[in-house]
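Everything on this sheet refers to the single structure shown next.
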Number of protein chains: 2
Amino acid sequence: MDVRIDEVDRKILSQLQRDASQSLDDIAREVGSSKTPVWNRIRKLREAGVIGQHTVVLDADALGFEACFFVLIRTSEHEAEWQAAFLKALQDRAEVQEAHRLAGDIDYILKVRVKNARAYDAFYQALISEVRVHNVTALLSMEQIKSTTMLPL
Amino acid sequence: MDVRIDEVDRKILSQLQRDASQSLDDIAREVGSSKTPVWNRIRKLREAGVIGQHTVVLDADALGFEACFFVLIRTSEHEAEWQAAFLKALQDRAEVQEAHRLAGDIDYILKVRVKNARAYDAFYQALISEVRVHNVTALLSMEQIKSTTMLPL
DNA sequence: TCTGAAACGAATCGCAA
DNA sequence: TTGCGATTCGTTTCAGA
């Protein structure tokens with residue numbers, strides 16, 4: 001299911017990223033079109049999966065999630081079975097906000113958000129008891145300098 | 001401006017994270033309350049900054065952002081002036097989706113999303129010409145295994 | 001494909017409990 | 001504070017150009 005995305009689509013997506021609670025009229029005005037065409041484009045982009053979840057950004061600190069770790073993982077296991085188990089372990093743990101398989105020396109990087117260092121340790125112990133990993137380095141964030149999910153369209 | 005967040009607030013936030021386009025009636029039903037109280041709580045949480053931006057998640061690959069790098073940065077500079085310049089450079093660059101100041105050996109980590117490796121190189125060259133950094137390691141993501149902005153409330 | 005309008009549903013606010 | 005109702009505002013659908 002592919003879509004050709006033109007200039008108007010890009011403008012619409014850009015507006016939605018910026019503020020998804022805007023009315024169709026507002027978006028239409030911004031992109032120089034009108035309600036119905038904008039509505040049809042959004043529907044198509046949603047069906048094509050270009051537009052995904054509709055969400056709000058919450059203040060992690062205010063909700064008690066005060067610790068953020070980046071976890072660098074090296075493993076000696078590279079079989080499909082191990083990978084599947086590792087993947088499932090990550091999917092199942094809500095503290096894992098991001099996980100990437102890497103090229104090169106380090107095999108995986110995780111971003112883990114937890115309430116405090118103790119909660120990180122609990123996560124770490126649980127993870128290494130579930131899957132074998134060769135080497136783990138945790139980088140502790142002292143300060144989040146920038147955070148955005150916006151793509152520069 | 002601080003807020004005490006109770007169980008009902010937490011449920012509301014959880015629903016909003018999951019799907020911010022739900023109607024108030026739907027949220028009210030989910031959390032076992034009704035329209036007016038839910039509306040008042042959301043308004044307060046927004047004013048207190050607990051609820052931030054309202055946005056949509058876009059498919060980065062479909063929009064041509066096919067490369068993602070994690071960048072580990074060591075610097076020998078730790079003065080306020082250098083920090084301010086570095087921070088500004090990061091804020092100004094749309095390809096930087098996340099930036100953290102770290103504890104320990106490595107000073108900063110960035111998450112950088114770009115169209116391709118060439119675009120990463122352009123970013124890298126621009127960055128090091130603007131601010132002095134001692135050592136830079138780029139980790140290339142081969143596959144995004146998990147990605148969520150949801151906090152486990 | 002776009003425009004305009006009509007019909008429907010939801011958000012917002014006042015008022016009573 | 002909540003619950004209800006009225007009004008306003010937004011979304012969705014459809015006819016016609």
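Predicted model only: the values in this text are computed from it and were never measured.
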Ignoring hydrogens and angles, does a donor from either the side chain of B/Thr36 or the base of D/dC4 sit under 3.5 Å from an acceptor on the other?
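A donor-acceptor contact between them is present.
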
Given C/dC2, D/dG3, C/dA6, identify the nucleotide with an atom nearest to the side chain of B/Ser34.
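The answer is D/dG3, which lies nearest to the side chain.
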
Measure from [atom1] on [X] to [atom2] on [N] and round the result to the nearest Å.
| X | N | atom1 | atom2 | value |
| --- | --- | --- | --- | --- |
| B/Ile12 | C/dA11 | CD1 | P | 13 Å |
| A/Asp26 | D/dC9 | CG | P | 12 Å |
| A/Leu24 | C/dC2 | CG | P | 14 Å |
| B/Asn40 | C/dT12 | CG | C1' | 10 Å |
| A/Ile42 | C/dC2 | CD1 | P | 13 Å |
| A/Asp25 | C/dA11 | CG | C1' | 15 Å |
| B/His54 | D/dG10 | NE2 | P | 14 Å |
| A/Ile27 | D/dT12 | CD1 | P | 11 Å |

Would you classify A/Pro37 as touching base, sugar-phosphate or nothing, given that sugar-phosphate means primed atoms plus P, OP1 and OP2, and contacts are heavy atoms under 4.0 Å?
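Base contact.
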
Look at the side-chain N and O atoms of B/Trp39 and state whether any lies under 4.0 Å from the OP1 or OP2 oxygen of C/dT12.
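Answer yes for this pair, as a side-chain N or O of B/Trp39 is under 4.0 Å from OP1 or OP2.
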
Between the side chains of A/Glu143 and B/Arg101, is the shortest nitrogen-to-carboxylate-oxygen separation below 4.0 Å, so that they form an ion pair?
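A salt bridge links B/Arg101 with A/Glu143.
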
Relative to the 5' end of DNA chain C, which residue comes earlier, A/Arg41 or A/Lys35, by the nucleotide with the nearest heavy atom?
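Result: A/Arg41.
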
Quick one, A/Arg118 with A/Asp121, criterion salt bridge (charged side-chain N to carboxylate O under 4.0 Å, His left out). Give me CA distance, side-chain angles, the key distance, then yes/no.
CA-CA 5 Å; A/Arg118 201 171 317 113; A/Asp121 193 49; over 6 Å; no

Atom pair CD (B/Gln91) and CD1 (A/Ile145), whose distance is rounded to the nearest 0.5 Å
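It is 8.0 Å, given to the nearest 0.5 Å.
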
Take A/Val133 and A/Trp82, measure what side chain to side chain contact (heavy atoms under 4.5 Å, CB included) needs, and give me the verdict at the end.
CA-CA 10 Å; A/Val133 292; A/Trp82 181 90; 4.1 Å; yes

When you measure from the side chain of B/Asp9 to the backbone of B/Asp6, do you find a donor-acceptor pair of N or O atoms at a distance under 3.5 Å?
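Here the side-chain-to-backbone pair exists.
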
Which residue lies more 5' along DNA chain D, comparing A/Ser21 with B/Val38 via nearest heavy atoms:
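Looking at DNA chain D, the more 5' nearest nucleotide goes with B/Val38.
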
